[in-house]
Number of protein chains: 2
Amino acid sequence: MKGEKCEVVDIWQILGKRWSLHILKNLSTNENIRFNELKRLIPDISSTVLSQRLLELEREGLITKKIYSEIPIRVEYGLTLRSKELETILQQLSNWIAKWNAHEKKKEAKAFPQMSKS
Amino acid sequence: MKGEKCEVVDIWQILGKRWSLHILKNLSTNENIRFNELKRLIPDISSTVLSQRLLELEREGLITKKIYSEIPIRVEYGLTLRSKELETILQQLSNWIAKWNAHEKKKEAKAFPQMSKS
DNA sequence: CGGAATCCTTGGAGATACTG
DNA sequence: CAGTATCTCCAAGGATTCCG
């Protein structure tokens with residue numbers, strides 16, 4: 001943990017950037033999706049940033065990019081085997097959060113029993 | 001995935017910030033550690049940011065903070081039950097990265113067999 | 001010792017416009 | 001359609017100083 005360069009931190013930092021997770025989520029529910037479709041599915045993201053994130057994720061081997069030289073041009077993005085494995089880890093993370101949120105709510109309910117009525 | 005507020009994204013955003021992971025790592029290997037010790041263990045972090053990250057992590061219930069009213073004052077940080085569970089997930093993430101790094105190296109070796117000599 | 005307050009700097013997000 | 005180029009702007013990081 002001293003001088004060793006930490007791969008986890010690297011990838012974590014990329015995935016931690018804004019929109020990264022949104023992109024992966026949308027790719028996981030719709031496989032093979034086009035740039036503007038993706039953009040429509042993620043409100044408020046700009047094409048600049050979407051393009052950037054996609055590039056970063058592609059470089060990490062987390063998404064595929066297929067270019068169809070039609071007119072107008074068509075580009076489709078999808079998950080890779082690698083990112084599909086990541087999904088399961090993210091799912092565990094999600095479960096972990098859900099579990100502890102439940103704990104929190106219990107504690108709050110005990111501390112402020114009247115709040116459950118309002 | 002539309003309007004629902006995503007808890008995973010929230011916590012991911014916090015953990016994705018710079019130094020967050022380093023802090024958790026160091027807390028996991030040394031349990032109960034003081035502010036300046038931690039600072040020494042994480043080269044290049046400023047006390048300003050360390051303090052900030054610690055506060056954020058504490059708010060998320062990921063670290064404990066114990067204050068000893070001695071002179072000079074002593075403050076110790078440690079992991080919580082919640083963050084210890086998180087550790088196992090991070091470990092999986094780490095394994096996942098290692099696994100795919102190995103794949104990459106294999107591919108590179110095939111593509112450029114001469115590189116293994118230099 | 002463990003921070004908080006202040007100021008400074010920079011990178012990244014976002015808007016807009018343009019192009020193969 | 002799928003981006004890139006350019007610009008602006010703000011938040012986060014970092015350095016420094018000070019304090020209970």
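All values reported here derive from a predicted model rather than from experimental measurement. Numbers restart at 1 for each chain; the letters A, B, ... are given by sequence-line order, proteins then strands.
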Is the phosphate of [N] approached by [X] (side-chain N or O, under 4.0 Å from OP1 or OP2)?
X       : N      : result
A:Gln52 : C:dG12 : no
A:Arg34 : D:dA2  : yes
B:Arg18 : D:dG14 : yes
B:Lys17 : D:dA11 : no
B:Trp19 : D:dA12 : no
B:Tyr77 : C:dC1  : no
A:Arg53 : C:dG12 : no

Distance criterion of 3.5 Å, no angle test: do you see the side chain of [X] paired donor-to-acceptor with the base of [N]?
X       : N      : answer
A:Ser51 : D:dA2  : no
B:Thr48 : D:dA15 : yes
A:Ser47 : D:dA2  : no

- Item | Check ion pair B:Glu76-B:Arg74 (N to O, under 4.0 angstrom) | yes
- A:Arg53 and A:Glu56 ion-paired at < 4.0 Å: yes
- For the side chain of A:Ile73, counting heavy atoms from C-beta on, which of D:dG14, C:dG20, C:dG3 is nearest? C:dG20
- Task: Consider the side chain of A:Val75, meaning its heavy atoms from C-beta on, and name the nucleotide among D:dG3, C:dC1, C:dG14 that approaches it most closely.
- Result: D:dG3
- Message: Are the side chains of A:Phe35 and A:Leu50 in contact, using a 4.5 Å heavy-atom criterion?
- Response: yes
- Does any donor atom in the side chain of B:Glu85 or A:Trp100 lie under 3.5 Å from an acceptor atom in the other side chain? yes
